[in-house]
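Start at 1 with the first residue, then count along the sequence. Quick note: numbers below take in every heavy atom, side chains included, and nothing from hydrogens, waters or symmetry partners.
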Amino acid sequence: MTAKEIIGYMESLHNEKQRQVLMGFFKTGPGEYGEGDEFLGLKVPQTREVVKLVGHDLPIEEVPELLMSRWHEVRLCGLLILVARFEKLAKKRLENDEAAIQKRDEIVSMYLQHAERANNWDLVDLSAPKILGNWLLLPTRLGDKRKIMDGLAASDCLWRQRMSMVSTWKTTQQGDPSWCLRYAEWHLHHPHDLMHKAVGWMLREVGKRCSMDLLCQFLERHAHEMPRTALRYAIEQMSDDERKYWMTR
C-alpha cells in the first residue's frame, strides 16, 4: 500500500458518532488546545491494526504524507509506523550495528522534522517515549543528545515541549532519572495545564521506578512553587499522610 491508499482505506472507516466524541474529548473547539483538529472517528485499536497490516511494507519516504494528513488518526498511523520501525531497530543485537544506527537516526530526524504534526497529547505520548526516549538510551550519530532535547524544551511549540518531558519516561524506566529532573525543572513554571500534568506524571515515575527519596528531594526544593496539578500528579503514589504533607507545602 502507498500512503494515499492507506489514507483512503482509513477514510472508508469513518464513524460520525465516534468522531463527535473524539472532537469533544481532544478539545478541538475555538480557543482550545486541539482547535481545528479533524477526526475520522477511529478508535486507537483500529489504527494499530492498520499499522500491523501495512506499516511494514510502506516505504519510509511515504510516512511524511501520513504525518501531513488533516486527519488525526492518519497522523497517528504515521507516528506508530515510525515507532514500530524504531523498536525493531532498537533490539539488543542491533544496538551498535552501524546500519541500524543510521536507520534509527533517520527515523528520529523525520520525527523531529514533523514534530508539530503530533499536535495533541495522545500523538505525543504514544510516540515520543518510544522513539526519542529509546533513542536517548542508544548510540547515535546525530550529535549532542542534550542539545537536541533542549531544543525541543526551548521551543515555542507546546507539543515539542511535551515531547521533551514525556520522552524521559523511557530513560527513567531504565534507571536514569537525570533527563526527567532536568526537564521537570525546565518546565516547572509552564503556563499550560497539559505540561503541568506531564511534569507531575514523569516525576511520579521517578519515585516509582528510581527512588522515592530522589522525588522527595525534588519536592523539597520545588513543592512550594509547583502548579497544584503537577504536584498532585507527582505524589499520587504516596500515602494519604504524605500527600497531605506535600500539599500543605
Side-chain angles (χ1 to χ4, degrees), residues 27 33 83 86-87 90 92 95 108 111-112 115 118 120-140 144-249:
K27 307 295 184 185
Y33 59 74
V83 166
F86 192 96
E87 289 185 328
K92 188 72 176 176
E95 281 186 7
V108 169
Y111 184 71
L112 293 173
N120 216 311
W121 59 264
D122 65 315
L123 301 179
V124 172
D125 296 358
L126 290 172
S127 60
K130 294 183 177 181
I131 296 176
L132 296 179
N134 270 319
W135 171 74
L136 289 174
L137 298 164
L138 294 165
T140 183
D144 188 339
K145 293 177 181 178
R146 177 172 288 187
K147 183 177 180 180
I148 291 170
M149 295 301 293
D150 284 359
L152 290 173
S155 169
D156 292 332
C157 173
L158 171 63
W159 310 115
R160 286 181 179 269
Q161 294 166 350
R162 188 172 172 100
M163 283 176 182
S164 71
M165 192 70 250
V166 301
S167 294
T168 69
W169 192 7
K170 191 68 177 182
T171 51
T172 296
Q173 283 180 330
Q174 297 301 311
D176 179 4
S178 63
W179 292 98
C180 175
L181 298 177
R182 177 176 181 80
Y183 296 116
E185 285 193 332
W186 191 305
H187 296 302
L188 198 62
H189 301 291
H190 197 285
H192 205 292
D193 183 65
L194 282 176
M195 288 303 296
H196 302 170
K197 292 176 180 177
V199 168
W201 171 26
M202 292 300 103
L203 285 172
R204 184 179 71 223
E205 290 298 307
V206 167
K208 180 180 177 181
R209 304 282 185 175
C210 297
S211 167
M212 190 60 74
D213 287 342
L214 197 59
L215 172 57
C216 289
Q217 290 170 21
F218 184 93
L219 295 178
E220 284 285 356
R221 295 193 302 274
H222 298 295
H224 65 283
E225 58 181 340
M226 289 175 69
R228 301 285 280 184
T229 298
L231 181 55
R232 286 194 185 99
Y233 270 60
I235 62 177
E236 200 172 66
Q237 297 291 319
M238 296 182 180
S239 68
D240 288 344
D241 288 342
E242 288 174 314
R243 289 199 303 271
K244 288 176 183 176
Y245 167 77
W246 289 113
M247 292 305 295
T248 61
R249 293 289 298 270

Exercise. Can you find a pair of side-chain heavy atoms, one from Arg228 and one from His196, that are under 4.5 Å apart?
Worked result: no
Exercise. If you take all heavy atoms of Pro129 and Asp125, which pair is closest and at what distance?
Worked result: CD-O, 3.3 Å
Exercise. Distance from Arg162 atom CZ to His190 atom NE2, nearest 0.5 Å?
Worked result: 10.5 Å
For this session: Salt-bridge test for Asp150 and Lys147: reply yes if a basic N is under 4.0 Å from a carboxylate O, no otherwise.
Result: no
For this session: Go through the steps for Ser211 and Asp213 under the test side chain to side chain donor-acceptor pair (under 3.5 Å), then give the verdict.
Result: CA-CA 5 Å; Ser211 167; Asp213 287 342; 4.8 Å; no
For this session: For Arg146, look at atom CZ and say whether over 12 heavy atoms of other residues, nucleotides or ligands are found less than 6.0 Å away.
Result: no
Exercise. Run the side chain to side chain donor-acceptor pair (under 3.5 Å) check on His189 and Glu225 step by step: do they pass?
Worked result: CA-CA 8 Å; His189 301 291; Glu225 58 181 340; 3.1 Å; yes
Exercise. Going from CD on Gln174 to OG1 on Thr171, what distance comes out if it is rounded to the nearest 0.5 angstrom?
Worked result: 9.0 Å
Problem set entry | Ring geometry between Tyr183 and Trp179 (parallel below 30°, tilted from 30 to 60°, perpendicular above 60°) | parallel
For this session: Start with the C-alpha gap between Cys216 and Met238, add the side-chain angles, then the distance that decides, and say whether side-chain contact (heavy atoms from CB on, under 4.5 Å) holds.
Result: CA-CA 11 Å; Cys216 289; Met238 296 182 180; 4.1 Å; yes
Exercise. Roughly how far apart are Phe86 CZ and Lys130 NZ, rounded to 0.5 Å?
Worked result: 13.0 Å
Problem set entry | Any Ser167 side-chain heavy atom under 4.5 Å of Met149 side chain | yes
Exercise. Rounded to the nearest 0.5 Å, what separation is found between the CG atom of Leu214 and the CZ atom of Arg209?
Worked result: 15.5 Å
Exercise. Side chains of Phe218 and Val206: does their closest heavy-atom pair fall under 4.5 Å?
Worked result: no
Exercise. Quick one: which of Met202, Met165, His192 gives a side-chain contact (heavy atoms from CB on, under 4.5 Å) with His187?
Worked result: Met165
Exercise. If you draw a 6.0 Å radius around NZ in Lys27, do more than 12 non-hydrogen atoms from other residues or ligands fall strictly inside?
Worked result: no
For this session: Taking the side chain as every heavy atom from C-beta outward, state whether Trp201 and Val166 have any pair of such atoms under 4.5 Å apart.
Result: yes
For this session: Could you tell me whether Trp159 atom CH2 has more than 12 heavy atoms of other residues or ligands within 6.0 Å of it?
Result: yes
Seminar exercise, completed: Minimal heavy-atom distance between Pro227 and Leu188, with the atoms involved, is CD-O, 3.3 Å
Exercise. Judged by atom type as modelled, is there a donor-acceptor pair below 3.5 Å linking the side chain of Lys145 to the main-chain atoms of Trp135?
Worked result: yes
Problem set entry | Under 3.5 Å side-chain donor-acceptor pair for Asp241 and Ser239 | no
Exercise. Short question: side chain of Thr172, backbone of Trp169 - any donor-acceptor pair under 3.5 Å?
Worked result: no
For this session: Mind checking the CG-CG spacing from Leu132 to Leu137? Nearest 0.5 Å is all I need.
Result: 11.5 Å
Seminar exercise, completed: In His222, Met226, Arg243, the residue satisfying side-chain contact (heavy atoms from CB on, under 4.5 Å) with Leu231 is Met226
For this session: Indicate yes or no for a side-chain donor-acceptor contact from Asp176 to the backbone of Ser178 under 3.5 Å, with no hydrogens or angles considered.
Result: yes
Problem set entry | Flag side-chain contact, heavy atom, 4.5 Å: Val108 against Ile148 | no
Problem set entry | Test: Lys197 and Asp193 ion pair at under 4.0 Å | yes
Seminar exercise, completed: Rounded to the nearest 0.5 Å, the NZ atom of Lys208 sits from the CG atom of Leu203 at a distance of 14.0 Å
Exercise. Are any of the side-chain heavy atoms of Ser127 and Tyr111 separated by less than 4.5 Å?
Worked result: yes
Exercise. Do Arg160 side-chain atoms and Leu112 backbone N/O form a donor-acceptor pair below 3.5 Å?
Worked result: yes
Problem set entry | Heavy-atom pair with the smallest gap, counting every atom of Ala223 and Arg249 | CB-CB, 4.3 Å
Exercise. Considering residues at least two apart in sequence or located in another chain, which fulfil the salt bridge (Lys or Arg N to Asp or Glu O under 4.0 Å) criterion with Glu236?
Worked result: Arg204
